[in-house]
Structure formats: structure tokens, C-alpha cells
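Have a look at the structure below, then the notes.
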Amino acid sequence: MNDSMMDLILSSENMHRAWKQVKSNGGSPGADGMTIEEFPDFLKSRWNRIKRALLLGYYVPSPVLRVEIPKKSGGKRLLGIPSILDRVIQQAIAQVLNPLFDPDFSDSSFGFRPERSAHGAVRQVNSYVKSGYKYVVDLDLEKFFDTVNHDILMHRVSGKVRDKSVLKLIGRYLRAGIQLENGEIAPTEMGTPQGGPLSPLLSNILLDRLDKYLEGRNVQFARYADDVIILTKRKCDADKLMREITVFLEKRLKLVVNQTKTKVAKIMECSFLGFTFKGKKIRWTDSSFEDFRYKLKHLTRRSWGVSMEYRIGKLNEYIRGWINYYGISQFYRP
DNA sequence: ACTCAGGCTAC
RNA sequence: GUUGUAGCCUGAGU
Ligand SMILES: Nc1ncnc2c1ncn2[C@H]1C[C@H](O)[C@@H](COP(=O)(O)OP(=O)(O)OP(=O)(O)O)O1
Ligand SMILES: [Mg+2]
């Protein structure tokens, strides 16, 4: 164990794999304006200096670029887009930290994890429904990534990461600052950037405490990012759990429970990852199907300039993609 | 078997 | 204009 974790992160094998991932994402530039195409030449000329700065602990990440995108539920999502270089470095960190943290994560945690999926979460919930669970606490956090508390998160990370230079670097990524759309730079006061390759893992490291808390309470649940569903057999248990979990999240993890999206309901009234559970069967929600119909309508509307074949191709790939996700529905009757 | 495009969904 | 993680699907090439 003579090699430090930072050496492992910066090893050419790991960095090469990180770059391939960032490249294949094909994302647009961060605040420094550098594109993926320009990046290899830039790195060739500067990598020795950058690597030295990282190893000696004086590397300072660029601020993330603030971009606002609309959320499906209405409102706007505040993305924080790192520079290509910082995406590669964060990805390299994530590749080393993931195998370190993932094995100890809960079996009921499904979001952002390798070899785990929304389908897995939905199937687990359905298996509980089949064994007689009738009530749920459906819980969501408000602006989850944006409200992550740095101190609590870093404390969790330091439980497994001993390398001070890695901790320092992650801390600097959390406080990289934000370049606003008007060009001004604002400091980051809290949160992990929506758009940072490392952010999903960090969010799981933080909410792993919730998973362990729920496991300790011996309740059946599934979590996908900040979307948590807890199943009970009696309504009074659900009511009690909702209050207690809210206190836990807000007092111990300093997160904000989304009061409008969080509720106790009968299982067939709840929606989870686009699905609902009716008569012990998995079904898409009405709102998912409405989105589907709306987009179909848009795709079948005649538009000038593109050929019929092109539009039919687009339509087919959309339908195929949608069925591919919602096809696990055991649709029988509406 | 592997590489590379593109796409859908969840968050 | 739009970033990230993950699952899956289709296609092309060697
Ligand atoms: N398109 C995306 N790009 C990057 N990160 C995302 C994206 N969608 C979701 N996330 C991450 C960041 C979010 O904080 C987290 C939970 O998603 P979600 O609950 O939809 O939004 P939110 O928690 O930020 O706002 P809200 O208050 O509406 O719940 O998942
Ligand atoms: Mg949320």
C-alpha cells in the first residue's frame, strides 16, 4: 500500500479510461470554453504541470458553468457544468472511489450505481406489494444535489478515503465556484454540482446514512437518488415513519424534505420511477403515458424539410426506446 | 470478442 | 441552447 490513492487516480490507465468516458459522452464545453476536440492537444502540452499540481495539492478546479434547463415537473434545473479537464479528473476520482464505496451500499439503493437500475427498484417494490404491503411513504428531497452539506458529506467520504490530497481535491471541487450566464463568478456555498461526474457517487455516499438508518429500523424500502419509497402494512406505521424520517433527514443530514412531493398513500395511488402498482402488477403511470402521447403527436405532425423516411425512423426509435423502458409493465386492463 | 455512432428511460 | 451517473435498446465497423 505504498502507492497513494492520488497516484492510483492519476495513473495513465485510469486517466485514459476517464478520458474515454468523457469523450464518449460528447458533452459541450465548460466555463473555459474548451471543446472535446481541442482537449487532447491541450492536455499533451500541459499534463505534466497539471499532474504535478494535483500531486502537490495546489491544483485549483475551474468554476462550473451555470446552465438552466427546464424540469419535466416544471421549474428549472440548475446545472453546474465543469470544464472538460475537470470532468476527466472527477471521472478518474469516481472510478477509484466507486469500487471502494459501492460494495457497502444498501441492497435497497438503486440509483447511479453500476449493475443497478430503475427496473430493479421497481421490481423490488412490486415484490413487497405481492407479499402484502399496502401503504407507502413516498419521499423526495428538495433541490437534492444543490442542498448537500459539504461538512457532513466530507466526513462520510473521509471514512474510507485516508489520502489527504484526494480529500482536499474533492473539497475544492465542491467549492469550485459558479460562472453565471452573465459571466460573473459566484462562490459555491453548498451542494454538489448537477453535471459533475463525481456528484452521483457523492450523493449516494451521503444518503447511505439514510439507507443504514432505514435498515436499522427494519423497514422495507427502495431508494433511487433522492426518491425513496418505504412500504408498510398499516397506515399508522407509514404516518409515524414519515415524521421520523423527515426529522432524521433534516436534522442529521441537513437536507430539505420536499413537502409537496412527500406523502403517505395507498400503494396503488403512488408513483415511483414512472410506474405505479395496481393489483400487484407493475403499470406505467398516467402521467408517463400522457408524455408519450404528447410526444407521439409532435413526431407525427408534418414538418417541412425532412423526408418521410427520416420521420418514420425517428418515430420508430422513439417508440422502441419507450417500450424498452415501460415494457416491463404487466399491462392487462386499465 | 472488441470498438464506435445513435436512441429511450430514471434521477 | 443541455451537464452528469446508471440501466437498457438499435445500428455500423474490425
Ligand atoms: N438531468 C440531470 N442532470 C444531472 N443531474 C440530475 C439530472 N436530473 C436529476 N439529477 C440529479 C440532481 C438532482 O438534485 C437529483 C434529484 O432529482 P430531482 O428530484 O428530479 O430534482 P431536485 O431534487 O434537484 O429538485 P426538486 O426540488 O424538484 O425535487 O438528481
Ligand atoms: Mg428531488
Rounded to the nearest angstrom, tell me the gap between atom CZ in A/R17 and atom P in B/dT3. 12 Å
May I ask you to verify if any side-chain N or O of A/K72 is less than 4.0 angstrom from the OP1 or OP2 atom of B/dT9? no
Regarding A/D86 and A/S83, do their side chains bring together a donor and an acceptor under 3.5 Å, going by distance alone? yes
Can you tell me which nucleotide in B/dC8, C/G7, B/dC11 comes closest to the side chain of A/S117? C/G7
Side chain of A/P114 only, please: which of C/G7, C/U2, C/G4 is the nearest? C/G7
With a 4.0 Å cut-off on heavy atoms, is A/N316 in touch with a base, just the backbone sugar-phosphate, or nothing at all? nothing
In whole angstrom, what separates A/Q95's CD from C/U5's P? 10 Å
Once base and sugar-phosphate atoms are separated, protein heavy atoms under 4.0 Å mark nucleotides 8-14 of chain C, 5' to 3', with B, S and - as BSS----
Contact class for A/Y224 vs. all strands (heavy atom < 4.0 Å): base, sugar-phosphate, or nothing? base
Rounded to whole Å, please give me the gap between CG in A/L201 and P in C/A6. 10 Å
Examine C/U3: is either OP1 or OP2 under 4.0 Å from a nitrogen or oxygen in the side chain of A/R87? Give yes or no. no
Using a heavy-atom cut-off of 4.0 Å across all strands, would you classify A/P29 as base, sugar-phosphate, or nothing? nothing
Straight-line distance of A/T260 OG1 to A/E142 CD, nearest 0.5 Å: 7.0 Å
Would you classify A/E317 as touching base, sugar-phosphate or nothing, given that sugar-phosphate means primed atoms plus P, OP1 and OP2, and contacts are heavy atoms under 4.0 Å? sugar-phosphate
Rounding to a whole Å, what distance do you find between A/I81:CD1 and C/G1:P? 11 Å
Grab the CD-P distance between A/Q91 and C/A6 for me, whole Å please. 7 Å
Sorted by position of nearest nucleotide on DNA chain B, 5' first, the leading residue of A/K23 and A/L273 is A/K23
Counting only side-chain N and O atoms of A/Q21, is one of them less than 4.0 Å from OP1 or OP2 of C/G4? no
May I ask you to say what A/L79 touches in the nucleic acid, namely base, sugar-phosphate or nothing, with a heavy-atom cut-off under 4.0 Å? base
Relative to the ring of A/F275, is the ring of A/Y326 parallel (under 30°), tilted (30 to 60°) or perpendicular (over 60°)? tilted
Looking only at heavy atoms, which two atoms of A/M5 and A/L97 are closest? And how far apart? SD-CD2, 3.7 Å
Between A/S24 and A/R77, the residue closer to the 5' end of DNA chain B by nearest nucleotide is A/S24
It should be established whether A/N204 places a side-chain nitrogen or oxygen under 4.0 Å from OP1 or OP2 of nucleotide C/A6. no
Find out whether A/W47 and A/L10 are in side-chain contact, i.e. whether some heavy atom of one side chain is under 4.5 Å from a heavy atom of the other. yes
Return the value, rounded to whole Å, for the distance between atom CZ of A/R113 and atom P of C/A6. 12 Å
Let me know the distance between CG of A/D102 and P of C/U5, rounded to the nearest Å. 15 Å
Quick one: does A/V136's side chain get under 4.5 Å of A/L231's, heavy atoms only? yes
Identify whether the distance between the nearest side-chain nitrogen and carboxylate oxygen of A/D208 and A/K212 falls below 4.0 Å. yes
Can you find a side chain N or O atom of A/Y326 that sits less than 4.0 Å from OP1 or OP2 on B/dA10? yes
Aromatic contact between A/F39 and A/W19, with the criterion being ring centroids under 6.0 Å apart: yes or no? yes
Whole-Å distance between C/U3 P and A/M34 CE? 17 Å
Does a side-chain heavy-atom distance below 4.5 Å link A/V256 with A/E250? yes
side-chain N/O A/S199 vs C/G4 OP1/OP2, d < 4.0 Å: no
Proximity to the side chain of A/I69 - top-ranked nucleotide from C/G4, B/dC8, C/U2: C/U2
Looking for any heavy atom pair under 4.0 Å, which part of the strands does A/G111 touch: base, sugar-phosphate only, or nothing? nothing
Ring-plane angle category for A/Y213 and A/F248, please: parallel below 30°, perpendicular beyond 60°, tilted otherwise. parallel
Counting side-chain heavy atoms from CB outward, which of C/G7, C/U5, C/U2 is closest to A/S28? C/U2
Please, what dot-bracket string fits RNA chain C when only Watson-Crick and G-U pairs with both distances under 3.5 Å count, crossing ones use [ ] and pairs to another strand use |? ...|||||||||||
Below 4.0 Å: OP1/OP2 of C/U3 and any side-chain N or O of A/Q90: no
Indicate yes or no: at least one non-hydrogen side-chain atom of A/L85 is less than 4.5 angstrom from one of A/R46. no
